[in-house]
Every structure is written in structure tokens, then in C-alpha cells.
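Below is one structure, written out as C-alpha cells; the observations come after it.
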Amino acid sequence: MLFRSPENCDVLYACKRINYLDGIPSSFYQSSDGGSSWEERTLGLPDSLFFSSVAVSSLNSNHVVLSIAAFGAGLKVFRSNDGGLNWQNISYNLPDMPVNMLKFLPQSDDLLAASDAGVFKLRSGTQQWDDESLGLPNVIVSDIEINEAANKVFVSTFGRGIWSTDLNLLLGEKNV
């Protein structure tokens with residue numbers, strides 16, 4: 001999986017998922033020269049688990065988060081503010097369910113997490129994930145897409161279709 005910084009197109013991140021059959025651990029890499037060279041940045045991550053997604057902040061190309069789609073209390077989301085050199089576990093109060101996708105909200109370091117237990121939001125600077133699944137059935141959420149122009153956030157679910165809400169509701173803004 002390859003991820004590009006929205007702020008700086010020369011900054012790329014890639015992760016390789018674990019291969020349980022061959023005993024190959026997950027790994028994480030960073031490039032600051034458009035992919036000409038790569039540095040491994042796995043140290044500090046639980047490489048025996050399944051890396052599911054990466055999100056890069058639009059405000060700072062060194063601010064990156066990684067999700068883990070596995071069972072294991074407290075091992076769901078990790079953040080780095082220095083391009084993956086150091087990692088902090090920010091799983092906090094997330095339920096012991098796989099986290100399938102992470103997205104930064106536009107022009108913010110607030111995060112959305114798609115999980116097997118719904119959608120959760122972490123406001124920047126806090127240590128509490130809030131359940132944003134109101135109106136969703138009890139279903140696995142596999143992906144999140146944000147359309148700023150349409151003021152919409154879309155989530156795909158396992159077997160229950162695609163759901164949407166207004167982006168400004170997640171940003172805490174009033175309807176315009």
C-alpha cells in the first residue's frame with residue numbers, strides 16, 4: 001500500500017502487510033524524495049499484526065497515522081509526528097475490534113476511524129475516541145471517503161451499502 005502526502009508530493013509512505021504463512025512481519029517505510037529512496041520506519045509498531053491503512057495530514061507531511069485490523073486490546077491506531085521515526089499508540093478507548101481505515105478531516109488533525117464496530121472520531125489534542133455511528137446499523141465499516149465540495153462523508157459497510165452524513169456535522173460547524 002502506498003500513500004502520498006497531500007501537502008508535499010515528494011513525501012510518500014508505504015506499508016507491507018504481515019505474511020503469516022511465511023513468517024514475514026508487517027513493515028512501514030517513508031520516502032522524502034518521491035520514492036527514489038526509502039527508509040524503514042517500523043520500529044515501535046506491532047509488526048506481528050495486520051497494518052490496514054495509513055493517513056497523512058494535509059497540514060504536516062510528517063504527521064502520519066497507521067491503523068491495525070486485528071484483535072488485540074489497545075493496539076488499533078498509532079501516530080507519528082516525525083515521519084515514522086517515533087510512534088505513539090493513540091488507541092485510547094477504541095473497542096477491541098479491527099480498525100480498517102483512517103482519514104484526517106479536511107484542514108484538521110482530527111481523525112476518523114472506520115472499524116468493525118462503526119465510525120469513531122478523535123479530536124486533535126484529546127485522548128477520547130467518540131462514537132460517530134449514530135444512524136448506522138451495527139455493521140463493519142470498511143472505508144471512508146470525504147467530498148469537501150459536496151459537504152459529504154461517505155462510509156462503506158459490509159453488506160449494508162454506503163452511508164453518508166454532512167461533513168460540517170463532523171467538523172462541528174453549523175449548516176450553511
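All residue numbers refer to positions in the sequence shown, counting from 1.
- Between I146 and K103 the shortest heavy-atom distance is CD1-CB, 4.3 Å.
- Evaluated for a side chain to side chain contact (heavy atoms under 4.5 Å, CB included) with L122, the options L112, I90, D110, V65 yield exactly one hit, I90.
- Going from atom OG of S52 over to atom NZ of K76 covers 9.5 Å, rounded to the nearest 0.5 Å.
- A 4.5 Å side-chain heavy-atom check between M1 and S53 finds every atom pair outside the cut-off.
- The backbone N or O of L94 sits nowhere less than 3.5 Å from a side-chain atom of S91 that would complete a donor-acceptor pair.
- Taking all atoms of both residues into account, the shortest heavy-atom contact from I68 to P46 is CD1-CG, 3.3 Å.
- For D166 (side chain) and N168 (main-chain N/O), no donor-acceptor pair under 3.5 Å exists by modelled atom type.
- Under the 4.5 Å side-chain criterion, counting only non-hydrogen atoms from C-beta, L167 is in contact with P106.
- Interatomic distance, F3 CZ to Q30 CD, rounded to the nearest 0.5 Å: 14.0 Å.
- We find the OG1-CD1 distance between T157 and I162 to be 8.0 Å, quoted to the nearest 0.5 Å.
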Q | Step-by-step side-chain contact (heavy atoms from CB on, under 4.5 Å) determination, M101 to S67 | A | CA-CA 7 Å; M101 173 64 67; S67 64; 5.9 Å; no
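- Side-chain contact between R17 and C15 is absent, with no heavy atoms from C-beta onward closer than 4.5 Å.
- There is no path of hydrophobic side-chain contacts, each under 4.5 Å, that joins L75 to V77.
- Distance check, rounded to the nearest 0.5 Å: OH of Y13 to CG of L2 gives 12.0 Å.
- Interatomic distance, I140 CD1 to M97 CE, rounded to the nearest 0.5 Å: 8.5 Å.
- Cluster membership for F104 and W129, using ILVMFWY side-chain heavy atoms within less than 4.5 angstrom, is shared.
- Looking only at side-chain heavy atoms (C-beta outward), R41 and L85 come within less than 4.5 Å of each other.
- Counting only heavy atoms from C-beta outward, the side chains of Q107 and S58 approach each other to under 4.5 Å.
- When the shell of 6.0 Å around CZ of F158 is examined, it contains 12 or fewer heavy atoms from other residues, nucleotides or ligands.
- Of the possible donor and acceptor atoms, none in the side chain of S31 sits under 3.5 Å from a partner among the backbone N and O of W38.
- With rounding to the nearest 0.5 Å, the separation of CG in D109 from NE2 in H63 is 5.0 Å.
- Residue L59 places its CG atom among more than 12 non-hydrogen atoms of other residues, nucleotides or ligands, all under 6.0 Å distant.
- Y29 and S27 share a side-chain donor-acceptor pair at under 3.5 Å.
- Side-chain atoms of S115 do not come within 3.5 Å of backbone N or O of V99 as any donor-acceptor pair.
- By the rule that hydrophobic residues join a cluster once side-chain heavy atoms approach within less than 4.5 Å of another member, V155 and L111 end up as members of separate clusters.
- Residues F51 and V56 share a single hydrophobic cluster, defined by chaining ILVMFWY side chains whose heavy atoms lie under 4.5 Å apart.
- Residues W87 and L66 have side chains in contact (heavy-atom distance under 4.5 Å, counting atoms from C-beta outward).
- A donor-acceptor contact shorter than 3.5 Å is absent between the side chain of T165 and the backbone of V153.
- Salt bridge absent: E145 and K152 never bring a charged side-chain N and a carboxylate O closer than 4.0 Å.
- The backbone N or O of V64 sits nowhere less than 3.5 Å from a side-chain atom of S80 that would complete a donor-acceptor pair.
- The heavy-atom pair separating A117 from S133 by the smallest distance is O-OG, 4.1 Å.
- Residues Y92 and F120 fall within the same hydrophobic cluster, defined by Ile, Leu, Val, Met, Phe, Trp and Tyr side chains chained together at heavy-atom separations under 4.5 Å.
- Closest approach of A113 and L102 over heavy atoms only: CB-CD2, 3.7 Å.
- In this structure, N89 contributes its side chain and F78 its backbone to no donor-acceptor pair below 3.5 Å.
- If you check the side chains of T42 and E40, you find a donor sitting under 3.5 Å from an acceptor.
- Taking both residues in full, the closest heavy atoms of S26 and L49 are given as OG-O, 2.6 Å, listed atom of the first, atom of the second, then distance.
- Remark: the backbone N or O of V141 is paired with a side-chain donor or acceptor of N100 at under 3.5 angstrom.
- Atom CG of N138 has 12 or fewer neighbouring heavy atoms from other residues, nucleotides or ligands inside a 6.0 Å radius.
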